[in-house]
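Per chain, numbering begins at 1; letters A, B, ... match sequence-line order. The structure displayed is predicted, hence computed values, not measured ones.
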Amino acid sequence: MEQKMEQTKPTHEPAKHAKPNYVGIFVVLAVLTGVELGVAFLPWSKRVLILILLGLAVWKAVLVALYYMHLKFEPNRLRILAIAPLPLAVILVTAVITEFIW
Amino acid sequence: MTTHVMDQGSVMEAPVQAEPGAGVYNEKLGMWVFLASEVMFFTSLIGSYIILRFAHPEMWKGPGEVLNVALTAGNTFLLICSSVTMVKAFAAVQDGDQAGLRKWLVATTLIGATFVGVQIFEYVKLIEHGFVPSEGLYGSTFYTMTGFHGFHVTIGVICLIFVTMKAFQGKYTATDHRGVEVVGLYWHFVDLVWIILFTIVYLI
């Protein structure tokens with residue numbers, strides 16, 4: 001019985017994460033924000049600007065998720081849970097965009 | 001609720017645990033499930049925004065014509081700063097550094113509150129210039145998206161105040177700091193959403 005209780009003992013202790021260079025990530029995020037501001041006002045084609053700006057935004061979001069939210073260091077099952085809504089989000093956005101293209 | 005029958009016939013209740021394979025404690029698993037639902041919430045807002053903007057592109061102005069991009073860029077920088085202070089608080093408590101934990105949590109709370117303050121200032125200035133929520137699709141989508149995000153930041157600041165108070169009471173240790181990690185996940189998510197919204201609403 002004692003052994004069974006030991007197996008079901010609550011495991012509240014948070015897992016130790018590796019510690020990436022948080023300040024380095026911050027510098028990258030700040031620089032990318034500066035690049036976004038510079039790009040937004042360039043006299044380029046609107047479509048090109050949208051692609052570049054969205055690319056930069058996604059890059060920053062991925063950095064936050066991987067390093068600040070520690071997804072890079074989490075078990076695979078938690079990563080799957082975290083990215084589960086993304087295909088649905090892509091389907092939704094793609095569907096509404098295609099309404100106006102086709 | 002899991003129950004265990006003891007030898008003498010008494011029943012002991014044990015806390016509900018996460019699936020063993022998930023490898024994380026319940027509060028963290030719950031926060032990730034909540035954040036997954038939040039992804040869909042903000043995606044629905046962005047999807048609506050895309051439909052409306054594609055349908056009536058003439059109602060939107062270029063970057064900086066109505067909205068104050070410089071002010072909001074500064075606010076974006078503040079939110080990025082708050083993410084690094086939050087993660088520094090987490091790193092500090094992992095190392096058992098109580099002073100560091102308190103210092104970084106206070107910094108995160110203050111920066112978060114400043115973000116909300118700047119957003120309110122921005123709203124006041126825009127309304128003074130006649131850009132109100134009823135100002136067509138541009139106004140209504142702007143206030144809906146940034147307003148919901150601001151609401152999330154406000155909730156985050158309230159949670160941070162709670163966590164900071166507990167930190168000053170010495171409730172978090174190197175081996176048990178679930179509150180710091182779970183609120184930190186929420187805070188970083190709010191930062192992540194703003195990164196996307198800032199681009200879509202202010203720069204495109």
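Residue contact with chain B, scored on non-hydrogen atoms closer than 4.5 Å, involves the backbone and the side chain of A/Ala65 alike. For a residue to count as touching a neighbouring chain, one of its non-hydrogen atoms must lie under 4.5 Å from one of that chain's; by this rule A/Ala89 touches chain B with backbone and side chain alike. For B/Val39, the part lying under 4.5 angstrom from a heavy atom of chain A is the side chain only. Only the side chain of B/Phe198 comes within contact range of chain A, with heavy atoms under 4.5 Å apart.
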inquiry  = Quick one, B/Ile204 with A/Leu49, criterion side-chain contact (heavy atoms from CB on, under 4.5 Å). Give me CA distance, side-chain angles, the key distance, then yes/no.
reply    = CA-CA 8 Å; B/Ile204 291 179; A/Leu49 287 179; over 6 Å; no
ask   = Between A/Val96 and B/Tyr49, does a side-chain contact (heavy atoms from CB on, under 4.5 Å) hold up when you go through it step by step?
value = CA-CA 10 Å; A/Val96 296; B/Tyr49 177 84; over 6 Å; no
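For B/Phe121, the CZ atom counts as loosely surrounded, since its 6.0 Å shell holds 12 or fewer non-hydrogen atoms of other residues, nucleotides or ligands. Within a 6.0 Å radius of OH in B/Tyr123, other residues, nucleotides and ligands contribute more than 12 heavy atoms. Taking a 6.0 Å sphere around CE of B/Met165, one finds it holds 12 or fewer heavy atoms contributed by other residues, nucleotides or ligands. Sparse packing is recorded around CZ of B/Phe162, with 12 or fewer heavy atoms of other residues, nucleotides or ligands lying under 6.0 Å away.
Highest contact tally toward chain A, considering only B/Thr76, B/Ile196, B/Ile80, is held by B/Ile80 [criterion: heavy-atom pairs under 4.5 Å]. Among B/Ile200, B/Ile50, B/Ile46, B/Val193, the residue making the largest number of heavy-atom pairs under 4.5 Å with chain A is B/Ile50. Highest contact tally toward chain A, considering only B/Ser44, B/Gly184, B/Ala55, B/Ser37, is held by B/Ala55 [criterion: heavy-atom pairs under 4.5 Å].
Using a 4.5 Å heavy-atom cutoff, the side chains of A/Trp59 and B/Ile195 are not in contact. In this structure, A/Leu78 and B/Leu29 have side chains that are in contact, with non-hydrogen atoms separated by less than 4.5 Å. In this structure the side chain of B/Val69 reaches within 4.5 angstrom of the side chain of A/Phe41, judged on heavy atoms.
In this structure, the separation between OG on B/Ser83 and CZ on A/Phe26 is 10.0 Å, given to the nearest 0.5 Å. In this structure, NE2 in B/His188 is found 11.0 Å from CG in A/Leu71, a value given to the nearest 0.5 Å. In this structure, CE on A/Met69 lies 5.0 Å from CG on B/Leu35, to the nearest 0.5 angstrom.
A salt bridge does not link B/Asp191 with A/Lys60: none of the charged nitrogens is closer than 4.0 Å to a carboxylate oxygen.
In plain terms, the two heavy atoms of A/Ala40 and B/Pro63 that are nearest each other are O-CG, 4.3 Å.
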